Chemist: 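One structure coming up, written as structure tokens, with questions to follow.
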Amino acid sequence: MIARLANEIFFWAAWIIIPLIIEIVPAVGNFFILLFKRVKIKDDIKLDFLPNITLMIPVYNSGKTLYRCIESIDVSTYPNHLIEIMLVDNGSKDDSFAIFQKAQIDFPELAMWWMHSKQGKSKALNKAIFNSNGKYIINIDSDGVLDKNALMNIVRQYETYPDVDCMTGVILIEPALIEETKGFFLKQFRKMEFMEYAQAFLAGRNFESQFNSIYTLSGAFSSFRKSVLMKTFLYNTNTICEDTHLTFQIRAILKKKVHLCNDAIFMVDPIESINKFYTQRQRWQIGELEVSHMFLKNKLHRPLTGYFSDFVIRLLMTDHTFAFPRMIWYFVLIALGCMNYNFRNVAIACALIYGLYVFSSFLYYLNIISFLKGYSELRRYYARKLLYLFILPLFNLFAFFVRFAGIINSIKRKSSWKTLTFTEECEMVNDTVRKDFFFIFGIRSFLLKILEKPSKQENQNGKSVQTI
């Protein structure tokens with residue numbers, strides 16, 4: 001009886017209490033912290049002076065999206081005569097330059113420069129920084145559009161709070177493009193991506209900003225005081241995550257805080273396919289490990305002490321060190337029946353855990369609704385996705401396995417922007433399995449042929465016998 005009770009306690013502790021402490025309780029705490037932050041936000045700050053700003057836009061085969069990106073800058077509430085746009089082309093082979101020429105004609109009040117760079121995105125951005133004139137430098141990708149108040153809200157934050165030196169904006173998936181998606185499965189996948197981005201930026205990074213624990217300034221939309229940016233080594237050319245490397249420079253070397261501007265929104269295109277999602281998330285994961293090793297290789301030898309003193313160590317241990325036992329636990333479900341566990345109890349435990357994840361997502365959902373107060377259409381679109389909270393844990397689980405694949409691939413492969421897609425890796429697995437089993441079955445067939453081949457041997461009486 002005592003042994004059975006101990007087994008039950010261990011079972012429920014492993015499946016319910018640990019996830020409750022590690023993920024669910026923090027989610028509840030985050031909810032109240034973000035609620036308090038939303039109450040404190042002042043939306044009516046007016047500026048008496050507006051400085052010049054520089055927007056950097058790296059361009060690579062951006063013909064389909066570049067015009068809309070520049071148009072969103074033109075219609076923004078920030079005065080056009082105070083904006084300069086540095087478009088840095090990294091060897092485009094489409095009509096990106098023709099689109100730039102058209103934008104020059106259609107938006108004559110915007111000062112725009114086209115610069116050539118064929119040495120990668122990092123060097124392209126560095127070239128734009130050296131040629132910039134703005135007090136603040138804002139980096140955006142060419143495949144998205146700015147909310148009309150995004151630039152004004154960023155400058156307002158900088159001018160109001162002198163201790164703010166760098167900020168990342170809020171990146172969301174553009175709803176109109178999601179609704180135009182053809183194909184039921186891809187459309188649902190993009191809606192889940194929208195929910196994930198909203199949760200990551202308007203909840204996750206919003207909370208992290210309170211404790212200076214934002215891991216990376218998003219390359220798709222980030223901003224800096226130029227005076228601080230010029231004290232860094234700028235964008236590093238030896239990593240695929242140059243935005244993360246720059247973030248580490250600012251926080252670890254310059255000892256500056258990294259903030260989120262939660263009312264500066266940049267809408268990006270939804271992911272093109274599962275293959276694109278797979279390569280994107282793996283690249284993020286590999287880059288995270290790469291940059292962490294550059295800055296933390298000495299601290300990583302003392303993970304237990306660093307766990308309590310450095311949020312980056314905690315993040316790495318959660319995302320990587322604990323990833324292996326997490327993955328194993330998923331497959332242990334199959335073996336629990338052989339360990340005298342009642343499958344009914346296993347099902348109840350899984351249902352409770354899943355319900356807790358949905359509940360934590362719901363708390364974030366309420367926070368996000370609050371932060372989208374000034375964006376009626378976007379808020380309405382997000383609010384109508386309440387039922388997707390029940391699917392979000394499955395989406396996050398899929399993303400976890402993609403990131404885990406990135407961890408595995410980082411062990412044997414050098415980091416590169418060109419990574420294998422999900423389809424290509426599946427084909428590699430199939431080929432490897434076929435070759436391995438062909439080798440095994442080949443040996444088996446060879447041995448069977450030898451054993452089954454009759455051989456005649458003479459016994460001691462001179463008679464021949466057949467032996468197998």
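Computed over heavy atoms, backbone and side chain alike; hydrogens, waters and symmetry mates excluded. Not measured: the values here are computed from a predicted model.
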Chemist: Return the orientation label for the Y67 and F107 ring planes: parallel under 30°, perpendicular over 60°, tilted otherwise.
Modeler: tilted
Chemist: How close do A150 and A264 get, heavy atom to heavy atom, and via which atoms?
Modeler: O-CB, 3.7 Å
Chemist: Go through it in stages, so that I can follow the logic: the residues are F233 and H245, the test is ring-ring contact (aromatic ring centres under 6.0 Å, His included), and I'd like the CA-CA distance, side-chain angles, deciding distance and then a yes or no.
Modeler: CA-CA 10 Å; F233 298 108; H245 191 279; 8.2 Å; no
Chemist: Can you tell me how far apart CG (D106) and CG (D74) are? Round to the nearest 0.5 Å.
Modeler: 9.0 Å
Chemist: Quick one: does L55's side chain get under 4.5 Å of L151's, heavy atoms only?
Modeler: yes
Chemist: Using only heavy-atom distances, determine whether the side chains of N52 and E84 contain a donor-acceptor pair under 3.5 Å.
Modeler: no
Chemist: For this output row, return yes or no: ring centroids of H259 and Y161 closer than 6.0 angstrom.
Modeler: no
Chemist: Treating T232 as the side-chain partner and V228 as the backbone partner, does any N or O pair qualify as donor plus acceptor under 3.5 Å?
Modeler: no
Chemist: Verify the distance criterion only: is there a donor paired with an acceptor across the side chains of T54 and S132 at less than 3.5 Å?
Modeler: no
Chemist: For the pair D165 (side chain) and R225 (backbone), establish whether a donor and an acceptor sit closer than 3.5 Å, ignoring hydrogens and angles.
Modeler: no
Chemist: Give a yes-or-no answer on whether the side chains of S92 and D89 include a donor-acceptor pair shorter than 3.5 Å.
Modeler: yes
Chemist: Would you mind reporting whether D263 and N149 have side-chain heavy atoms less than 4.5 Å apart?
Modeler: no
Chemist: Taking the ring of Y215 and the ring of F248, is the distance between their centroids below 6.0 Å?
Modeler: yes
Chemist: Flag the pair I53 / L82 as yes when at least one side-chain heavy-atom distance between them is below 4.5 Å, and no otherwise.
Modeler: no
Chemist: Mind running salt bridge (charged side-chain N to carboxylate O under 4.0 Å, His left out) on K187 and E180 for me, showing each step along the way?
Modeler: CA-CA 8 Å; K187 188 174 184 178; E180 294 173 3; over 6 Å; no
Chemist: For D94 versus G63, what's the shortest heavy-atom pair and its separation?
Modeler: OD2-N, 2.9 Å
Chemist: So, do S223 and Y158 sit near enough that their side-chain heavy atoms are less than 4.5 Å apart?
Modeler: yes
Chemist: Answer with yes or no whether the side chains of Q188 and Y388 bring together a donor and an acceptor at under 3.5 Å.
Modeler: yes
Chemist: Looking at V59, I57, L87, I99, which hits side-chain contact (heavy atoms from CB on, under 4.5 Å) with C69?
Modeler: I57
Chemist: Count the heavy atoms of every other residue, nucleotide or ligand shown that sit under 6.0 Å from CD of E272, and state whether that count exceeds 12.
Modeler: no
Chemist: Knowing that exactly one of Q157, K226, E159 qualifies, which makes a side chain to side chain donor-acceptor pair (under 3.5 Å) with Y136?
Modeler: E159
Chemist: If we only count heavy atoms from C-beta on, is the V268 to F221 side-chain gap below 4.5 Å?
Modeler: no
Chemist: Going by an N to O cut-off under 4.0 Å, is there a salt bridge joining R190 and E174?
Modeler: no
Chemist: Taking the ring centre of each residue, are Y364 and F207 less than 6.0 Å apart?
Modeler: no
Chemist: Please check: side-chain N/O of T65 versus main-chain N/O of S142, any donor-acceptor pairing under 3.5 Å?
Modeler: yes
Chemist: Only one of F277, F194, F390, Y197 forms a ring-ring contact (aromatic ring centres under 6.0 Å, His included) with F395, so which one is it?
Modeler: F277
Chemist: Please say which of E377, K385, M267 ends up in a side-chain contact (heavy atoms from CB on, under 4.5 Å) with P175.
Modeler: M267
Chemist: If the plane angle is over 60° it's perpendicular, under 30° parallel, otherwise tilted; pick one for Y365 and F362.
Modeler: parallel
Chemist: Considering non-hydrogen atoms only, spot the tightest contact between M56 and A128 and give its length.
Modeler: SD-CB, 3.5 Å
Chemist: Mark yes or no for whether Q249, through its side chain, and L234, through its backbone, hold a donor-acceptor pair below 3.5 Å.
Modeler: yes
Chemist: Just wondering, do N367 and N206 contact through their side chains at under 4.5 Å, heavy atoms?
Modeler: no
Chemist: Minimum heavy-atom separation for E193 to I271, with atom names?
Modeler: OE1-N, 3.1 Å
Chemist: With a 4.5 Å heavy-atom cut-off, do I129 and M230 have their side chains touching?
Modeler: yes
Chemist: Using 0.5 Å steps for rounding, measure from the CD1 atom of I83 to the CD1 atom of I73.
Modeler: 7.0 Å
Chemist: Closest heavy-atom contact between S72 and L146?
Modeler: OG-N, 3.1 Å
Chemist: For residues N236 and L246, determine if any side-chain heavy atom of one lies less than 4.5 Å from a side-chain heavy atom of the other.
Modeler: no
Chemist: Going by distance alone, is a donor N or O of one side chain under 3.5 Å from an acceptor N or O of the other, for T237 and S122?
Modeler: no
Chemist: Does the separation of the ring centres of F371 and Y375 fall below 6.0 angstrom?
Modeler: no
Chemist: On a heavy-atom basis, which atom in V402 and which in R281 lie closest, and how many Å separate them?
Modeler: CG1-CB, 3.7 Å
Chemist: Could you go through R283 and E288, starting from their C-alpha distance and side-chain angles, then the distance that decides it, and tell me whether this counts as salt bridge (charged side-chain N to carboxylate O under 4.0 Å, His left out)?
Modeler: CA-CA 8 Å; R283 187 170 64 247; E288 179 181 293; over 6 Å; no
Chemist: Where the side chain of N61 meets the backbone of K93, is there a donor-acceptor pair that is under 3.5 Å apart?
Modeler: yes
Chemist: Do the side chain of R205 and the main chain of T216 share a donor and acceptor less than 3.5 angstrom apart?
Modeler: yes
